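When reading the values below, keep in mind they use all heavy atoms of this one structure, side chains included, and skip hydrogens, waters and symmetry mates. Note on naming: letters A, B, ... go to the chains in the order of the sequence lines (proteins, then strands), and numbering restarts at 1 for each one. Since the model is a prediction, treat every value here as computed from it, not as a measurement.
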Number of protein chains: 2
Amino acid sequence: MAVTKKEAESGSEAAEPPPSAARRPGGRTARVRDQVLAAVGPLLVEHGFDGLSVDAVAARSGVHRATVYRRWRDVGGLLADVLDAAGADRWTAPDTGCLEGDLRALNEEVQDALSEESSLARALIAASFRSAGAADALRRFWEDRYERCAHVVERAVARGELAPPVEARSLLVAATAPLYHHLVLLHGAPDPALPGEAARTAVLAARAGAFGTRSRTG
Amino acid sequence: MAVTKKEAESGSEAAEPPPSAARRPGGRTARVRDQVLAAVGPLLVEHGFDGLSVDAVAARSGVHRATVYRRWRDVGGLLADVLDAAGADRWTAPDTGCLEGDLRALNEEVQDALSEESSLARALIAASFRSAGAADALRRFWEDRYERCAHVVERAVARGELAPPVEARSLLVAATAPLYHHLVLLHGAPDPALPGEAARTAVLAARAGAFGTRSRTG
DNA sequence: CTTTTACCGCGACACCTGTCGCGTTAAGAT
DNA sequence: ATCTTAACGCGACAGGTGTCGCGGTAAAAG
C-alpha cells in the first residue's frame, strides 16, 4: 500500500497548515497513519460499508478512537484517504485497437469493480452522501480517471474513427453512465451484455456527431 | 397527501400478514400513519437528509419512537412509504411534439428535482445505500416512471421518427443517465445545457440504430 | 544533550440509535 | 353492548457515536 507523503492531510477541508509552524509528519505520526489505513481495507471486505465504523478501525489498528476522530473526522475521511492513496496508482485505460473495444473493456472493468461483494467504489459512493470529504475524494478520483481515459478518445480520433472536435469527457460519461445507473442507482444485478451495449451506443452517437463542441444535428 | 390503503405495509420485507388473522388498518392506525408521513416532508426540507432521524419524526408527529421503529423500521422505510404515496400520482411524461423535445423536457424535470436544496429523490438515493426498504421503493418508483415514459418512445415510433424495434427502456436510460451521473454521483452543480445535450445524444444514437433489439452497427 | 510542542493515549461525558417488556387503548368481530 | 387482541404509549436499557480535557510521549529544533 504505497502512500505518498505529500497527501498527508488530504480529505480534510481545513486545508492549510500554519505557514511557519512546525508540523510532524514523520515517525510515530506516519506509523499511526499506516496502521489506520491498513485496517480500513480488511474491515471493509469483512463487514461491508455498514460495518465500517471509526471505532472498529481504531480497535483493529490499535490506535485510539479519539486519534482517528481527530485526524480523519469520520468514516468518509478514512475512505477518502485510502482512495487518494489508490488514486496514485499506475492504472491506464485499456487499448484494444478500436474505440468500441476500449469503451467496452472499460465498462467491464467498471462492472467488475462495482459488482464485487464489498466494493471500495460502492462504499465510497455511499459515503459521499454523508461526508463532504468522501464526496471530494470521489470527485477527484473520477476526474483523474476521466483524464486518463481521454487518451482512448484521442487515439480514436488519430485513427480516423471519429472526426474532431470531440469532447472526450462527454463521450466517456455517455458510455459509462448507463452502467452506474443500473448498478448503483437501481441496485441492479450485473448484466454481461450491458458494457458492450453502452459502449456501442456511445460510439454510434459519437459517429453521428454528438460530443462535438458545436452541435451538428444532421 | 393522498394515501392508498393497499400499500399499508409496503417498505417492509417481512411481507405477508397472517392470512386469516385480523388486522386493523383503520381508525387510530391510519391516523398515526398520516401523522408520521406528514412529518417526514417538512423535516426533510428543514434539516436535510442527515437531520431526518426516526426520533425527530416521532417527536414532530407526536407518535412514540417505538411505534415508528415498529412500523417503519428505519428512515429508509419512512422515505419508502412517502415515495410509494408519491408514486401513485397522476404524473405523465411531457409531450412536446418531437422525441428530442420530450427527452429534453424530461431531463429538465429530473435536473430540477435533483437540484432543489432538500430533494426527496436525493434523500431516497442516499437512503437506498443504507436501507433495503428504501432501495426497493426507489427501484419500484423508477420502474414505474420508465413504464410511463415508454409512451414517449412509442409516440416517436408512431410519428416515424424512429424505426422499430426500439427498446424504450434502454433509450430512456441512455438519455437520463448522464444527468444522474453528473448530479448525483459526481455531486456536480446543475448545468443548464446538459439536459438538452443528453437528449440530443440519445436521439442521435437511436437514429443510428442503437436500442434496436438486434444490433445493426451500420 | 536539552528544549519545545505536535501529536497521541486515556477515560469521562453527553447524545443518539434501536430494542424490549409491560400496561393501556381502541378497532373490529360477535 | 361486550369481548378479543392488534396496535400504541411508556420508560428502561444496552450499545454506538462524537467530543473534550488532561497528561504523557517523542518528533524536530537548537
Tell me every residue that passes side-chain contact (heavy atoms from CB on, under 4.5 Å) with B/F141, counting only those two or more places apart in sequence or in another chain.
B/L83, B/R145

Kindly say if B/T29 contacts the phosphate of D/dA7, meaning a side-chain N or O under 4.0 Å from OP1 or OP2.
no

Min side-chain heavy-atom separation A/L103-A/L172 under 4.5 Å:
yes

How close or far is atom P of C/dG18 from atom CZ of B/R130, stated in whole angstroms?
9 Å

With A/S170, which residues qualify under side-chain contact (heavy atoms from CB on, under 4.5 Å), at least two apart?
A/E167, A/F211

Once base and sugar-phosphate atoms are separated, protein heavy atoms under 4.0 Å mark nucleotides 14-23 of chain D, 5' to 3', with B, S and - as ---SBBBB--

Taking CD from B/Q35 and P from D/dC8, how many angstroms apart are they, rounded to a whole number?
11 Å

What residues form a side-chain contact (heavy atoms from CB on, under 4.5 Å) with B/S61, not counting sequence neighbours?
B/Q35, B/V36, B/A39, B/V63

Rounded to the nearest angstrom, tell me the gap between atom CH2 in B/W72 and atom C1' in D/dA7.
11 Å

Applying salt bridge (charged side-chain N to carboxylate O under 4.0 Å, His left out) to A/R155 and not counting sequence neighbours gives A/D95, A/D102

To the nearest angstrom, how far is B/R31 atom CZ from D/dG9 atom C1'?
14 Å

Which residues share a salt bridge (charged side-chain N to carboxylate O under 4.0 Å, His left out) with B/R148, sequence neighbours left out
B/D89, B/D144

Whole-Å distance, A/R28 CZ to D/dA26 C1', equals 6 Å

Check side-chain contact (heavy atoms from CB on, under 4.5 Å) between B/A127 and all other residues, then give those that pass, not counting sequence neighbours.
B/F49, B/L79, B/A134

Residue pairs passing the ring pair (Phe, Tyr, Trp, His ring centres under 6.0 Å) test where at least one lies in residues 109-138 of chain A, sequence neighbours excluded:
A/F129-B/F129, A/F129-B/H187

Overall bend - the helix from C/dC1-D/dG30 to C/dT30-D/dA1, comparing terminal axes fitted on five pairs, nearest 10 degrees:
40°

How long is the line joining CZ of B/R71 and P of D/dA6, in whole Å?
15 Å

